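Keep in mind it's a predicted model, so treat the numbers as computed, not measured.
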Amino acid sequence: MKGLLPFMLLAGAWGLSSQALAASEQAIRDCQASSMNPLVVSACIKKLTSKAGRLKDIQCSKDLECWGKQNEARAQRNCAPGFSRAAQWDANWWKLWDEQELTHVRWRSRREGTLEYYVDSGGMRLICGFDPELPQRVQVQYGPAVGDLGLEL
């Protein structure tokens, strides 16, 4: 929260809601991890904290196609270990999970901006619950491949 304080003060000066325009701590950590070059990290954080950039992200988070595609790479990267861990404990996962790409996305909670990425495999659906604010915490499950088809990636 300390890292967001200067930005929240600026947002307050603009007359904007500080919570709505504050860059998430996870997004800032992603910028810091993206490069060892301080200039690249600085440019990334500047983009995150710019008013136009935050407004664009807020608008994107309301549209499933935009939000799903924007978070697809992080979801693929973070869901695969979740499926692999599940396969260590349940033999059914070994039958279903073959390190395939997740092919569809749908809302888990539109209000919270959380998504479900999934792939249908052998009549079953492998589902990964993904929260862009906490990408390392995924919830994996499987069930019959029926119901909402979501949006194809």
Side-chain angles (χ1 to χ4, degrees), residues 1-12 16-38 40-90 92-93 96-97 99-121 124-143 147-153:
M1 192 68 175
K2 287 183 184 178
L4 297 178
L5 188 58
F7 177 70
M8 291 190 325
L9 291 175
L10 284 174
L16 303 169
S17 167
S18 60
Q19 287 301 94
L21 290 177
S24 73
E25 291 179 19
Q26 180 62 46
I28 290 172
R29 281 193 296 271
D30 287 347
C31 277
Q32 292 167 337
S34 68
S35 176
M36 295 298 290
N37 183 339
V40 172
V41 172
S42 175
C44 180
I45 291 174
K46 186 174 183 178
K47 180 183 171 197
L48 277 176
T49 56
S50 76
K51 179 181 173 184
R54 290 299 300 147
L55 289 173
K56 183 179 172 187
D57 281 349
I58 290 168
Q59 284 304 110
C60 181
S61 71
K62 295 176 183 177
D63 176 48
L64 178 61
E65 183 174 2
C66 179
W67 198 234
K69 289 191 184 294
Q70 181 174 321
N71 290 291
E72 179 182 6
R74 289 188 334 159
Q76 296 281 6
R77 186 174 56 248
N78 288 295
C79 290
F83 288 128
S84 295
R85 280 193 300 274
Q88 292 175 349
W89 299 103
D90 184 350
N92 288 328
W93 282 99
L96 301 171
W97 176 244
E99 299 196 21
Q100 61 267 52
E101 295 284 312
L102 300 168
T103 59
H104 291 77
V105 64
R106 63 183 175 196
W107 291 111
R108 177 166 258 190
S109 170
R110 176 176 256 162
R111 186 176 60 80
E112 294 175 9
T114 57
L115 302 164
E116 286 185 340
Y117 289 87
Y118 65 90
V119 62
D120 291 339
S121 173
M124 299 297 281
R125 181 169 288 167
L126 298 171
I127 303 169
C128 177
F130 181 77
D131 182 352
E133 295 296 320
L134 298 167
Q136 299 86 356
R137 290 190 192 162
V138 295
Q139 295 177 336
V140 296
Q141 62 191 49
Y142 66 88
D148 180 20
L149 292 180
L151 180 71
E152 189 169 347
L153 296 170

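When every heavy atom of P132 is checked against every heavy atom of G113, the shortest pair comes out as CD-O, 3.5 Å. What you find for V138 and G82 is that their closest heavy atoms are CG2-CA, 4.3 Å. Closest approach of W67 and D57 over heavy atoms only: CZ3-O, 4.1 Å. Closest approach of R108 to Q139, counting heavy atoms only: NH1-OE1, 2.6 Å.
A donor-acceptor distance shorter than 3.5 angstrom exists from the side chain of Q76 to the backbone of L102, with no hydrogens or angles considered. Within the 3.5 Å criterion, the main-chain N or O of R74 finds a donor-acceptor partner in the side chain of N78. Of the possible donor and acceptor atoms, none in the side chain of S109 sits under 3.5 Å from a partner among the backbone N and O of T114.
For the side-chain contact (heavy atoms from CB on, under 4.5 Å) criterion with L151, the lone passing option out of T103, L115, L64 is L64.
With values rounded to the nearest 0.5 angstrom, R110 atom CZ is found 11.0 Å from K62 atom NZ. In this structure, the separation between CZ on R85 and CG on D90 is 15.0 Å, given to the nearest 0.5 Å. Summarising the geometry, atom CD belonging to Q70 is positioned 8.0 Å from atom NZ belonging to K56; distances are rounded to the nearest 0.5 Å.
Relative ring orientation between F130 and Y117 is described as perpendicular, the plane-to-plane angle rising above 60° on a 0-90° scale split at 30° and 60°.
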Residues Y142, W97; criterion side chain to side chain contact (heavy atoms under 4.5 Å, CB included); working and verdict: CA-CA 10 Å; Y142 66 88; W97 176 244; over 6 Å; no
